[in-house]
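So the structure is just underneath, and the comments pick up after that.
Being a predicted model, the structure only gives us computed values, none of them experimental. Every chain is numbered from 1 and lettered A, B, ... according to where its sequence line falls, protein lines coming before strand lines.
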Amino acid sequence: MKKVFNRTLITSALPYANGPVHIGHLAGVYVPADIYARYLRMKGEEVLFIGGSDEHGVPIALKAKAEGVTPQDVVDKFHYIIKKSFEDFGITFDIYSRTTSETHYKTASGFFRKLYENGSFVEKTSEQYYDEEAKQFLADRYITGKCPHCGNERAYGDQCEACGTSLSPLDLIEPKSAISGRVPVLKETKHWYLPLDKHEAWLKQWILEGHKEWKTNVYGQCKSWLDMGLQPRAVSRDLDWGVPVPVEGAEGKVLYVWFDAPIGYISNTIECCPGDWQKWWKKEDTKLVHFIGKDNIVFHCIVFPAMLKAEGSFILPENVPANEFLNLEGDKISTSRNWAVWLHEYLEDFPGKQDVLRYVLTANAPETKDNDFTWKDFQARNNNELVAVFGNFVNRAMVLTHKFFDGKIPVCKELTDYDRETLKELAEVKSALENNLDNYRFREALKDAMNLARIGNKYLADMEPWKLAKTDMERTATIMNLCMQITANLAIAFEPFLPFSAEKIKYLIHKYDLKWEQLGRIDLLAAGHILEHPELLFEKIEDDTINQQVQKLMDTKKANELKERKAAPQKANIAFDDFSKLDIRVGRIVECQRVPKADKLLQLRIDDGLGGRTILSGIAEHYQPGELVGRNVCFIANLEPRKIRGIESQGMILSAENADGSLAVIQPLKDVLPGSEVK
RNA sequence: GGCGGGAUAGCUCAGAUGGUUAGAGCGCAUGAUUCAUAAUCAUGAGGUCGCGAGUUCAAUUCUCGCUCCCGCUACCA
């Protein structure tokens, strides 16, 4: 049974307002969503395209603290940069709002309240770090301490940025509050959880049985999660930045961002159409489509649907066409490492070239796997495809029509068989294009549109109107008429992808009221219709321009390397007493083997002169078990034993960490007896 | 280690419920052409479809094992 839809609600992932938007965001989410929205609108369908900034959460609160401003200052800054750059880039949101809006606060707490009242949550109490001076619980990011792995003194409660390990606050050695600097205490706190496990059965049915048509990456990721079994997830946090939990006894608690953010789609819809927002979210004949990146698959396919279902009155997404990631010049895009092409900078560096980036990001979109953006490819696609094929055809058609017919559409007389064949191809483009767009295959769809220009170029080359004009003006007229009809068709076909260029063609041909349904027709421009003077659609991009951009990235890379190569700052002085508490020894490795089912762990048997001991060490990625046997190493002998993967580790092997994260085990320069103390 | 995604021409990617010559664009070579931003058009070269085994009359397509890349996840005293 195929569902019938009468309107489409398109959402695009809410960008996190702790930085500007980069090409990875665009290629993964906003460009495809915009293409889809424009396409449906052109077809005359009822469409709503929702966007907005995601402005809560710990990283923003922390960034504000670091810069000595309020979280609101941070999100204000980036919200407006992001909003402006989307506008300038031609992303046609019906609304671009934010999760700090009044509407959102009302909507999100209303949503929570409803779930609270209908018993959708479970309450749980747990122990968390509390800052007695600041009188608040500390979010993971608000606790710093020594990383148990690499010893970095400034590790966060959720992650150590020096070694990349993810941590829990309880892992930190010598935890400190990032707010007051005091040692936090463990204190009980109550939180609400969404019991995803209770939703597992219908989710399995709905996705695994009901949505086999979803993209393989999306379907596969969902299946993976569902097969593993779902766990309850906390929906609240102890934090002062966010939507307050709207129940008694929840002072100092806010909604967890992952719960808060997707409700933003709903809030923004309400803000956009306060009168009739419900039809977009509650009527079965609305098609809800989430455009997201692969990092968001689980939230949009499992968690958010569970929230909507628990609420009871909302529809579920019909599709979630998630894209993979875009890399930049071979490396992962990273906001913190400044490894990105920022949209607002691109718009400054390449004024009027929105469509070039839209083209490149669509043609090379990471639809099925991660892809790489390179400036060389950007240049090649512009020069060899946009300029040479698309722009060139339009220019040829315009110039020839001016040359022979004074810029007026000539009369189309009798068609030859060859004409008809060409026109048939034109019609075929329409169905191919629609088929691909309807199935979220935008990369392929763009090729179809490009094919239209190729058909035009071939037609011109075969007909040679510049020769024919000397002998047969009537035939030349027909040919040029058809070329201009193809040009008008190009304006339609490219509008979802390259709206600025489509607009320019419309200006050149003085024809603005083109509709999608007219695609494939050859009566779009009447004989005698007057054209604008020819102007180029695209211009070549020179090597210099590209080299500048590459240089900019090389500079970033160099700066990053310098930063990374710098030795970590020295830690605070300690008393000799503290040092002497440590019992560091030399031991000889007598046995060494991998720990089963662990990638990083080696299990070592050490001759310590005291009868031997077992130590586990996370060096399996850097050493083969065989090459260590017989070596003398240094280890901390009196570290409290701890069980890892069921094996008790009695100490810690000392290693030095290189800039690239590789580990070098420390070995005495001379042979000493096992058990010798290191002083 | 578990799970998911990927591996097809120099590059970026399509594709096949298994069936004679595996496709596109770019790049490359040759030719044609000059209306056009030295753009276009035609032709061609280029692929043991990641590796190994199995099922089959037939596998690049199905099954199993392995390798490498990406992601989620466990592990790093």
Side-chain angles (χ1 to χ4, degrees), chain A residues 147-151 160 163-167 171 173 215-228 293-295 297-298 324-325 327 332 360 363-372 374 376-377 380-381 383-389 391-404 441 443-444 446-447 450-451 453-454 456-469 476 480 483 534 536-540 594-602 615-621 635-636 639-653 655 663:
Chain A
C147 171
H149 175 228
C150 68
C160 169
C163 63
T165 309
S166 34
L167 303 168
D171 295 336
I173 302 163
K215 290 176 62 171
T216 47
N217 56 344
V218 177
Y219 186 89
Q221 173 100 127
C222 291
K223 187 170 179 336
S224 169
W225 270 68
L226 290 167
D227 288 350
M228 271 193 293
K294 68 172 161 185
D295 52 335
I297 289 173
V298 171
E324 301 287 297
F325 283 161
N327 293 327
K332 207 173 292 187
V360 174
N364 189 30
E367 286 181 6
T368 49
K369 62 165 197 193
D370 290 359
N371 272 349
D372 197 24
T374 66
K376 207 168 154 244
D377 180 63
R381 287 194 187 272
N383 293 355
N384 303 333
E385 298 176 33
L386 286 180
V387 172
V389 179
N392 186 35
F393 170 72
V394 173
N395 192 234
R396 297 170 86 183
M398 289 291 294
V399 167
L400 286 168
T401 308
H402 269 88
K403 189 161 177 177
F404 299 130
R441 292 191 295 253
R443 198 171 51 192
E444 209 57 30
L446 182 60
K447 272 191 183 177
M450 209 55 183
N451 206 22
R454 292 181 201 281
N457 274 322
K458 180 168 162 51
Y459 182 70
L460 268 180
D462 290 342
M463 295 298 105
E464 299 185 308
W466 49 91
K467 277 189 186 163
L468 216 53
T476 307
M480 289 323 298
C483 282
L536 296 178
L537 281 185
F538 305 99
E539 53 191 28
K540 288 206 141 201
R594 297 192 70 116
V595 176
K597 301 187 179 185
D599 286 348
K600 299 185 182 175
L601 283 179
L602 287 184
I615 296 182
L616 295 190
S617 182
I619 53 175
E621 288 177 336
F635 66 95
I636 301 177
L639 198 59
E640 210 160 293
R642 171 148 165 184
K643 264 198 175 179
I644 304 162
R645 294 211 77 95
I647 304 162
E648 189 175 76
S649 179
Q650 301 153 320
M652 179 170 166
I653 304 282
S655 315
L663 295 174

> Is A/Val399 touching bases, backbone alone, or none of the nucleic acid, heavy atoms closer than 4.0 Å?
Replying inline: sugar-phosphate
> Applying a 3.5 Å limit to both distances, which nucleotide forms a Watson-Crick or G-U wobble pair with B/C26?
Replying inline: B/G10
> Starting at CE of A/Met463 and ending at C1' of B/A36, how long is that distance when rounded to a whole Å?
Replying inline: 18 Å
> Under the side-chain contact (heavy atoms from CB on, under 4.5 Å) criterion, do A/Leu446 and A/Met450 qualify, and how do the steps go?
Replying inline: CA-CA 6 Å; A/Leu446 182 60; A/Met450 209 55 183; 5.7 Å; no
> Just checking A/Lys540: base, sugar-phosphate only, or nothing, at a heavy-atom cut-off of under 4.0 Å?
Replying inline: base
>> Looking only at the side chain of A/Val387 (C-beta and beyond, no hydrogens), which of the listed nucleotides B/U40, B/U37, B/C35 gets closest?
In response: B/U37
> Can you check whether A/Leu537's main-chain N or O pairs, donor with acceptor, with A/Asn395's side chain at less than 3.5 Å?
Replying inline: no
> Among B/C35, B/C76, B/C41, which nucleotide sits nearest the side chain of A/Lys458?
Replying inline: B/C41
> Contact class for A/Glu385 (heavy atom, under 4.0 Å): base, sugar-phosphate, or nothing?
Replying inline: sugar-phosphate
>> Between C1' on B/A36 and CG on A/Asn392, what's the gap in Å once rounded to a whole number?
In response: 5 Å
> Which nucleotide, in any strand shown, forms a Watson-Crick or G-U wobble pair with B/A16, with both distances under 3.5 Å?
Replying inline: none
>> Expressed as a whole number of angstroms, how long is the span from A/Ile647:CD1 to B/G1:C1'?
In response: 13 Å
> What closest approach, in Å, do A/Asn383 and A/Lys540 show between heavy atoms, and which atom pair accounts for it?
Replying inline: OD1-CA, 3.4 Å
>> Checking contacts here: which listed nucleotide (B/C35, B/C41, B/C76) is nearest the side-chain heavy atoms of A/Trp466?
In response: B/C35
> Measuring from A/Lys403:NZ to A/Thr476:OG1, what's the distance to the nearest 0.5 Å?
Replying inline: 12.0 Å
> With both distances kept under 3.5 Å, what pairs with B/A59, Watson-Crick or G-U wobble?
Replying inline: none
> Distance between the P atoms of B/U55 and B/C69, in whole angstroms?
Replying inline: 32 Å
> Taking for each residue the nucleotide of RNA chain B bearing the nearest heavy atom, is the 5' side occupied by A/Arg396 or by A/Ile653?
Replying inline: A/Arg396
> What is the pairing partner of B/C75, taking Watson-Crick or G-U wobble pairs with both distances under 3.5 Å in any strand?
Replying inline: none
>> If you only use heavy atoms from C-beta on, which nucleotide in B/U12, B/G6, B/C72 is closest to the side chain of A/Trp225?
In response: B/C72
>> Heavy atoms from C-beta onward define the side chain here; which of B/G6, B/A39, B/U37 lies closest to that of A/Phe538?
In response: B/U37
> Between A/Gln221 and A/Ile297, is there a donor-acceptor pair closer than 3.5 Å when you use the side chain of the first and the backbone of the second?
Replying inline: no
>> Suppose we define a pair by two distances each less than 3.5 Å, Watson-Crick or G-U wobble; what does B/G4 pair with here?
In response: B/C70
> Which nucleotide, B/C35, B/U12, B/A24, lies nearest any side-chain atom of A/Leu460?
Replying inline: B/C35
>> Can you tell me the base-pairing partner of B/G31? Count Watson-Crick or G-U wobble geometry only, both distances below 3.5 Å, and say none if there is no partner.
In response: B/C41
>> Give me the atom names and distance for the closest heavy-atom approach of A/Leu460 to A/Trp466.
In response: O-CH2, 3.4 Å
>> Between A/Arg454 and B/A39, is there a contact of a side-chain N or O with OP1 or OP2 at under 4.0 Å?
In response: no
> Out of B/G5, B/U33, B/U12, which nucleotide sits closest to the side chain of A/Asn364?
Replying inline: B/U12
>> On the nucleotide B/A39, are OP1 or OP2 found under 4.0 Å from the side-chain N or O atoms that A/Asn383 carries?
In response: no
> Which sits closer to the 5' end of RNA chain B, A/Ala380 or A/Arg443, going by the nucleotide each is nearest to?
Replying inline: A/Arg443
